[in-house]
There are 2 protein chains.
Amino acid sequence: MTLPPQTQPVKSAADPVEEFLKRRKKATINDVAALARVSKKTVSRIINNSPSVREETREAVNAIIARIGFRPDPQARGLAFRRSFLLGLIYDNPNAQYIVNMQMGILDKVRGSGIELVVHPCDKTSDSFLEEIRDFVELQRLSGVILLPPIAENRQLIQVLEELAVPFVRITARHGDDNSPPIKTSQVVSRDRMGCQQAADHLVSLGHRRIGFIEGPHTYASAKERRQGFAEGLKAHGLDIDPEITAEGAYSFESGFEAGQKILSHPDRPTAIFASNDEMAIGVYKVALQMGLSVPGDLSIIGFDDSPLAARVYPALTTVRLPIRDMGRMAAETLIDQEDHRKHTTVFDAALVVRDSTAPVPKNFKP
Amino acid sequence: MTLPPQTQPVKSAADPVEEFLKRRKKATINDVAALARVSKKTVSRIINNSPSVREETREAVNAIIARIGFRPDPQARGLAFRRSFLLGLIYDNPNAQYIVNMQMGILDKVRGSGIELVVHPCDKTSDSFLEEIRDFVELQRLSGVILLPPIAENRQLIQVLEELAVPFVRITARHGDDNSPPIKTSQVVSRDRMGCQQAADHLVSLGHRRIGFIEGPHTYASAKERRQGFAEGLKAHGLDIDPEITAEGAYSFESGFEAGQKILSHPDRPTAIFASNDEMAIGVYKVALQMGLSVPGDLSIIGFDDSPLAARVYPALTTVRLPIRDMGRMAAETLIDQEDHRKHTTVFDAALVVRDSTAPVPKNFKP
DNA sequence: CAGATTAATGACACCGGTTACCATAACGCG
DNA sequence: CGCGTTATGGTAACCGGTGTCATTAATCTG
C-alpha cells in the first residue's frame, strides 16, 4: 500500500532555513550561501544578475533569499564596488516648492530601488564652494549627482564633476542652441521659451499691445530663455519688447514690487505685465492694489512657475507651469537606467495655466 | 667652517610625503600609517580621538594627515562600525516651506561634520509604510532619524524605531503634559499653544469678542495644541470658543475656504477669525473678498506658520511664526551631540507676527 | 634596582560584500 | 576518443577601516 505523494511536506523543525529564521539575526550573504549549499560567490553573482549561473541554481538561491529576507548591505557592497548607492541633489536655490517637487520626482524613481537621496544645498558665494562639493561627491562616492538651477549653469562646478568622473544631470531651461557654446552633459530641459511664447500669445489674443515685462536676473539661464520666448511670442504678432516698460528683477517678491512700480509709473503705462516668475508677479499685484488698479480690469498679469501662491492669491494668477516633478523623476532615471554613459537629454514642455488675472483690454482704454 | 642651521630645509625629492603626493591618489589609512611609521591601528585611534596615544605621536600623524589630505572613507568606517554616517529625515507632509526650512536647519548643524542627510518622505496610508521605514533605517544603518509631524505622533512608527534601537528625535507641538500618556522620546517641541494664546490676546485687545475659529484635523497634535492655546487665550479674557462659529479644516486652502464660508454665513457672524494655519487663513481671504467684506475693516484674520504666503497676500497676514530652522538644527544637535542616550527635550517659543490683516472692531459694528 | 603596574603600540582577524583567478564539469568537434 | 571550449562554482585576496588582545615601552613601588 502506497501513500499518496505528500503535496504539502511537513516543515520539519530540522529544516535549516527554519532553524535560521528562529535566530532572528540579519541575514548575510554567508547565511544564504550556507543554506543554499553554494559558495557566496555564486550568491553574489545572482544578486548582481551575472549571466553565468544555471537557472536551477538561481531559482534555488532566490528562494532562500526570499525566505530569509536577505538584503545585501549597501555599505559593504559600496565598499567593494567603490561607489555608494546614493544620489546627491545639489542646489543653491531659495524656492522651497521647486526643491520639494524636484525631490518628490527623484524619489518617485528611487523608491524601493535601494538607492537613497542625499540633499546637499550649498552656497555658491562661499570661497570653498567648489571644494566642499568635491569633498562631498568624492567622499560619499556618489553614484550620481543632480544639479538644479542656477548652479546647474556653473561651468567650474561642471568641470569639477567631470574631473571626478561622477555621472551627473543638469536641470536647465537652456536648450543650448543659441550662440554661447552648449554645455555637453546629460540634462533635463524645460521649454521655458515655449511657455513664454504662449503667455505672449495669450495676452495679444486678449487685445493687449502694450505689455510690460519683468525679467529675471541676467545671470540665470532661465531668465534669458524666458525673455527670448516672450520676445518671440510678441514678434509673431509684429510686436517687440519695449525697454521703457521692462525691468530686471531678482525673482523675488520685493524686486517684483519695485519693478512693478517702475513700469506702472510710466506715463504711457502698459495694459498687461508678464513677470518671469510668480513671486515677482505677486509683487506687481501689490503695486496695482496700492495704485488702485484692478486686476485684471485695468491690468492683466501673468507669472511663471505655478507656485502655490498663484492659485491662492486673489484674483488667481495666470501663469506658466513646468512639470518639475516629472523632470525630477527623469533626472533620476537618466542617472539610474542609462547603461551607456552617453550624454542624455530630455525635454519637457511648459503649459500656460489660465486663471483670473488676465482679461481683454478695456474697450475705451486710455492710459 | 660650519654652515648656519638650515631653518628652511629643502624638501628633497626623496621626502616620502612629497613622493606620495606626486602620485595624486586618494590617501588611505595605510598610506598615513606608512608615512608616519606607525601601524594603521594607531592612525585609527587618532582619527577616533582614542585617549591612549602619546601626544607626540598624535601630532606627527595629524601632520601627515593634513599634508596628504587624508579623510577616512565613510563606507569603510561605517562597515566596521556597523552604522553609517547618515541622518534620515522621515516625513509625510505636504508643506514644502516647512520641509525645506527643516532641512536647512538640520544641514546647518550637519555641514562639515562628515554626516549627510538622507530625505525619506513616505506615505502613511500605504500598508507597507512601516515595513518600508524599517527597511530603510535598518539597511542604511542610520545614525539617527528625525521625524516630522504628523507622523512624529505615530505610535507604531515610534515602536518600530525603538525596536531598531536607532536614535531618533520627534518634532512636535505637543508637550505631552495633557491627559494622554506622554511619548517618552527625544523631542524638539514648539510652543504652538503660546502662539495661539498671543493670537487670542491680540484679537481681544483690538476689541474683538466674537471670534471664529478654524481648527486643524483632529488627528494632528498641532491642531489640538492650537485649539487649546486659543481657548486658553480667550479664557484669560473671560471668553470661550463658540462652536457655532468654529469649523474643522484640513490645513489646506480649500478646506479653509469652506470653513470660512460656513463661519461667515452665520447670521451673527464674527468680527475676527483665527485659522490654525496660513493656508486656511488665506482661504478665508477668498471668502471675505467674495462676500465683499474688507480685511481687516470688516473682518480681522490671523493665521499660523508665517508661510511665504502670509507676507505676500494683500493685506499681509498677521500670523504666528515658529522657528522651524532652529528646531531643525536642534534636532540634529540632539542626535549628534548627545553622548548620553537619554531622552532629550528642547522647547521653542512661538511669536506673533502682526501685519495688516488685524484691526480694531469698527465702533458701530452691527452684524 | 628588581618586579609590578600602567600606558602606548602593533598584529591579526573581521565587518559583508566584491573581483581575480583557478578548478572542475559539460560540451563540441575532428 | 582526445582535446579545446565554455559554463559553473570555489578559493583567496581585497575594499578601507575597526575590534580584540598581545606585546613592548614607560612609570611606579618598596
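First the proteins, then the strands, lettered A, B, ... as listed; each starts at 1.
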Value in whole Å for how far the P atom of dT18(C) lies from CD of Q75(A)
14 Å

Distance to the ring centre below 6.0 angstrom and angle to the axis at most 45 degrees; does that hold for R83(A) and F85(A)?
yes

How about R77(A) and N48(A): does a side-chain donor come under 3.5 Å of a side-chain acceptor?
yes

When rounded to whole Å, the CG to P distance for the pair L139(B) and dG16(C) reads 12 Å

Choosing from dA8(C), dG10(D), dT18(D), which nucleotide comes nearest the side chain of V38(A)?
dG10(D)

Measuring to OP1 and OP2 of dG16(C), would you say a side-chain N or O of R77(A) lies under 4.0 angstrom away?
no

Will you find, in the side chains of Q338(A) and T334(A), an N or O donor that is under 3.5 Å from an N or O acceptor?
no

Ranking dG17(C), dG10(D), dG16(D) by distance to the side chain of T28(B), first place goes to dG16(D)

N/O (side chain, T42(A)) to phosphate O (OP1/OP2, dG10(D)) under 4.0 Å:
yes

What is the distance, rounded to the nearest whole Å, between atom CD of Q140(A) and atom C1' of dC15(D)?
16 Å

Is there a side-chain contact between R54(A) and the phosphate of dG9(D), meaning an N or O under 4.0 Å from OP1 or OP2?
yes

Does a distance-only test, which skips hydrogens and angles, find a donor-acceptor pair under 3.5 Å between the side chain of K40(B) and the base of dG16(D)?
no

Between dG9(D) and S39(A), is there an OP1 or OP2 to side-chain N/O distance shorter than 4.0 Å?
no

To the nearest angstrom, the CZ-P distance between R82(A) and dC14(D) comes to 12 Å

What is the separation between atom CZ on R141(B) and atom P on dG17(C), rounded to the nearest whole Å?
9 Å

Would you kindly check whether a donor in the side chain of R45(B) faces an acceptor in the base of dG10(C), or vice versa, at under 3.5 angstrom?
yes

What is the distance, to the nearest angstrom, from the CG atom on D73(B) to the C1' atom on dG17(C)?
14 Å

Rounded to the nearest angstrom, tell me the gap between atom CG in L79(A) and atom P in dT18(C).
11 Å

Nearest-nucleotide comparison on DNA chain C, the residue closer to the 5′ end among R37(B) and F70(A):
R37(B)

Between K41(A) and A80(B), the residue closer to the 5' end of DNA chain C by nearest nucleotide is A80(B)

Taking only side-chain N and O atoms of S44(B), does any of them lie within less than 4.0 angstrom of OP1 or OP2 on dT18(D)?
yes

Within 45° cone of F168(A) ring axis and under 6.0 Å: R170(A) NZ or CZ
no

Once you round it to whole Å, what is the distance between C1' of dA8(C) and CD of E59(B)?
16 Å

The nucleotide from dG17(C), dT19(C), dT18(D) with an atom nearest the side chain of F81(B) is dT18(D)

I171(A) versus A331(A), closest heavy-atom pair with distance:
CD1-CB, 3.8 Å

Closer than 4.0 Å, any side-chain N/O of N48(B) to the OP1 or OP2 of dT18(D)?
yes

Name of the residue among K26(B), R71(B), R111(B) meeting salt bridge (Lys or Arg N to Asp or Glu O under 4.0 Å) with D135(A):
R71(B)

